[in-house]
Amino acid sequence: MKKIAFMTLGCKVNQADTASMQMLFRQAGYEICEFTEQADVYVINTCVVTNTGQHKSRQMIRRAIRKEDEGLIVVTGCYPQTAAEEVKAIEGVDLIIGTQDRAKIVSLVEGALEKKQAIKSESESPATAKIKALADLEEQGTAEKPSLQLRTSVVDDEVRPWEKDVRFEEMSGGNEADKTRAYLKIQEGCNQYCSYCIIPYARGPIRSRSLQSIREEVQRLTKAGYREIVLIGIHLGCYGKEMKDGTTLYDAVQAALSVPELQRLRLGSLESVEVEDRLLDLMAADPRLCPHLHLPLQSGCDKILKDMHRPYNTEKFAMLLEQIRKKVPGVAVTTDVIVGFPGETEEDFGDTWRFVKQCAFAKMHIFPYSMRKGTPAAARKDQIPESVKKQRAEGLAELDREMQRTYFEKNIGAVHTVLVEQPVILEGKTTGLVEGLTENYIRVELPGDASLCGQIVSVKITDAVIDSCKGCIL
C-alpha cells in the first residue's frame, strides 16, 4: 500500500479540497499519513491570499523536497495557478496541478510515479544520472548551469483549466480525521475582482454545484455520521448566479435541509448584499440552520471601500446588519477587516474603528493588507508602512476582544446546543472538560469526557472567559 501525505495551507475551501483528494486516494488504496512521516507521495495544497501564505507554501514545498526519501512532490492549489513558472522553477517539484482537475489527481499522480520510476531505471543511481546530464550539456557547449533535477513536471497545459472547462468539479466532502463537522464546497470561483485580491485569478469564474449533488452529498455525509455540515465557497453568495434560472444560495440551503437526518447546517462566508430575506426567514424558522453569518466588512471607511471595489458602503452595510438582527434575534455576525490598505490615513482608520464598534460583531478576523502582485492595489504608490499596519491591527484586536466579551456576556444564562468536538488538554493532560461550538458560534467548555465527542447536547452558559464561555449540560 502506497503512503501519501498532505499539507494544506489557507482557507476552509482549501481544507475541503484536501479532504476530497484524500478520499479519492483512500478509494484508490493509498494510506494517508502525516506530512512528517516518510511517504511515497507528498501533496502541498498551497495558498497565495497573502504574502505570508505564499511564503509558507514555498517553505512546505522545500521541506518536502529536502526529505531523504524519493517521494513524489505534488504542488496544487492557488500558488501554481497564479505563478506556474515560479513553481516549476523550484528544483524537485514533480507534478503541478492548479485549482481544477483535482478529481483526476490519482491518475495524474500515478502517471508521474511511473515516469519517475522509468527515469530512475534508466540510470544506476541519481548521482550517475546527474553526472550524465552534466556531461551531455558540456558536450553541447551549453554555458548555462544545467538543472540536475530528475523529477518530472507535467500537466503544463492544464494550469488554467477553466479556459476550456468552467463546470463545477463535484468531489465528495468530509474529513475522515474529524467526524463532527464536514465542509461541503458548493461554489467555486469569483467575479468580484476586489482591487486587493488575487483569488479571482487563482480560482477562475463563478461556478456552482448542482442542487441534486448537494442533496446527495448531504445524505452521504449524514449517513457517515457527520453532525454538522458547513456550506462553503469562494464567493458563496453568488451560488447559482451563472445558471441564469433564478437559482440562489437559498435553493442550495433548502436542498441541504431537505435531508431529514441532517442535524445542523452552517453557512460559510458570504457578502452582506447577498443575504436574501427568504434565507433569513428560513434561518429563523428552521433551528437546524445555525444563526451565524460571516459577513466580510474589510473596511469601515467609505473611501477605502470604494478603492477596494467592494459592492456596498457603510450605510448599506449597517442597514443590512439591522435587518438581519431584526429577522434573526441573537444571530452571531462575524467579519473580516483589512488594515493598512494603500492610501488609508489615520482618519480613515478612525472611521473603520468607530464603524466596527457600532456594528458590535461577535468576532472579527483582522488582516494587515498584503500586496499581491498583479492586483490594482499592488501598483499604487501610497503603500502603508508595515509598522503602521501592525499598530492598527493591534488597535482593532483590542476592540475585537471587547466586542467578543460583550457578546459572550449577553449569552450568560441562555440555553444553547453544543456540538462537542474534543477533550480539553492542558500540558498534555486531560482536564475533565470538553469543548465545542454552539449553534450561534460560541466556543464552550463544559464538564465531560471523550465519550461526548460528536454529540449535540443542550448546555446552559454559566460564565464568559477570554476566548470562550463555560457551561453545564442540562
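No hydrogens, no waters, no symmetry mates; every other heavy atom, side chains included, goes into these values.
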Check the surroundings of atom [atom1] in [X]: do more than 12 heavy atoms from other residues, nucleotides or ligands lie under 6.0 Å from it?
X: Lys56; atom1: NZ; value: no
X: Ile466; atom1: CD1; value: no
X: His55; atom1: NE2; value: no
X: Glu322; atom1: CD; value: no
X: Glu34; atom1: CD; value: no
X: Lys303; atom1: NZ; value: yes

Inter-residue atom distance [X].[atom1] - [Y].[atom2], 0.5 Å rounding:
X: Glu170; Y: Ser208; atom1: CD; atom2: OG; result: 10.0 Å
X: Tyr193; Y: His309; atom1: OH; atom2: NE2; result: 11.5 Å
X: Gln22; Y: Ile105; atom1: CD; atom2: CD1; result: 10.5 Å
X: Asn14; Y: Ile234; atom1: CG; atom2: CD1; result: 7.5 Å
X: Gln54; Y: Thr82; atom1: CD; atom2: OG1; result: 6.0 Å
X: Ser195; Y: Asp307; atom1: OG; atom2: CG; result: 7.0 Å

Any donor and acceptor pair, going by atom type alone, linking the side chain of [X] with main-chain N or O of [Y] inside 3.5 Å?
X: Tyr42; Y: Ala39; answer: yes
X: Asp286; Y: Met283; answer: no
X: Ser20; Y: Ser172; answer: yes
X: Glu228; Y: Thr180; answer: no
X: Ser299; Y: Ile304; answer: no
X: Thr352; Y: Gly300; answer: yes
X: Glu435; Y: Val420; answer: no
X: Thr375; Y: Arg372; answer: yes
X: Thr438; Y: Thr417; answer: no
X: Asn313; Y: Lys316; answer: yes

What closest approach, in Å, do [X] and [Y] show between heavy atoms, and which atom pair accounts for it?
X: Val331; Y: Arg325; result: CG1-CG, 4.0 Å
X: Phe35; Y: Val43; result: CE1-O, 4.2 Å
X: Pro368; Y: Ile366; result: CD-O, 4.1 Å
X: Tyr196; Y: Ala377; result: CA-CB, 4.0 Å
X: Leu24; Y: Met171; result: CD1-SD, 3.9 Å
X: Arg405; Y: Ala464; result: NH1-O, 3.5 Å

Indicate yes or no: at least one non-hydrogen side-chain atom of [X] is less than 4.5 angstrom from one of [Y].
X: Thr46; Y: Thr76; answer: no
X: Val74; Y: Ile44; answer: no
X: Gln81; Y: Tyr201; answer: no
X: Cys47; Y: Cys78; answer: no
X: Thr406; Y: Met403; answer: no
X: Leu282; Y: Leu289; answer: yes
X: Asp348; Y: Thr345; answer: yes
X: Gln422; Y: Val434; answer: no

In plain terms, say whether [X] and [Y] are close enough for a salt bridge, that is, a side-chain N and a carboxylate O under 4.0 Å apart.
X: Arg288; Y: Glu439; result: no
X: Glu86; Y: Arg58; result: yes
X: Arg392; Y: Glu344; result: yes
X: Arg310; Y: Glu271; result: yes
X: Lys185; Y: Glu188; result: yes
X: Arg278; Y: Glu276; result: yes
X: Arg207; Y: Glu242; result: no
X: Lys390; Y: Glu386; result: no

- [ ] List the steps and the verdict of salt bridge (Lys or Arg N to Asp or Glu O under 4.0 Å) for Arg443 and Glu421.
- [x] CA-CA 10 Å; Arg443 183 150 295 280; Glu421 298 169 6; 3.1 Å; yes
Open item on the list: Could you go through Leu437 and Ile442, starting from their C-alpha distance and side-chain angles, then the distance that decides it, and tell me whether this counts as side-chain contact (heavy atoms from CB on, under 4.5 Å)?
Closed with: CA-CA 5 Å; Leu437 274 182; Ile442 298 173; 5.9 Å; no
When you check the side-chain N and O atoms of [X] and [Y], is any donor under 3.5 Å from an acceptor?
X: Asn191; Y: His235; value: no
X: Gln15; Y: Thr8; value: no
X: Asp302; Y: Thr314; value: yes

Open item on the list: Tell me if the centroids of the rings in Tyr239 and Tyr250 come within less than 6.0 Å of each other.
Closed with: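 Ring centroids of Tyr239 and Tyr250 are no less than 6.0 Å from each other.
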Task: Stepwise side-chain contact (heavy atoms from CB on, under 4.5 Å) check, Val13 with Arg203 - done: CA-CA 11 Å; Val13 175; Arg203 291 280 181 170; 3.9 Å; yes
Open item on the list: With side chain to side chain donor-acceptor pair (under 3.5 Å) as the rule and sequence neighbours excluded, what pairs involving residues 331-340 come up?
Closed with: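 Only His292-Thr334, His294-Thr334, His294-Asp336 qualify under side chain to side chain donor-acceptor pair (under 3.5 Å).
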Open item on the list: Working note: Arg401 + Asp467, criterion side-chain contact (heavy atoms from CB on, under 4.5 Å); need CA distance, chi angles, decisive distance, verdict.
Closed with: CA-CA 8 Å; Arg401 287 189 288 271; Asp467 293 317; 5.8 Å; no
Task: Parallel, tilted or perpendicular: rings of Tyr312 and Phe317 (30°, 60°) - done: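 Ring orientation of Phe317 relative to Tyr312: tilted.
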Task: Tyr183 vs Ile229, side-chain contact (heavy atoms from CB on, under 4.5 Å): CA-CA, chis, key distance, verdict - done: CA-CA 6 Å; Tyr183 292 94; Ile229 294 174; over 6 Å; no
- [ ] List the steps, then state whether side-chain hydrogen bond (donor to acceptor under 3.5 Å, both in side chains) holds for Asn440 with Tyr407.
- [x] CA-CA 11 Å; Asn440 62 334; Tyr407 177 65; 3.1 Å; yes
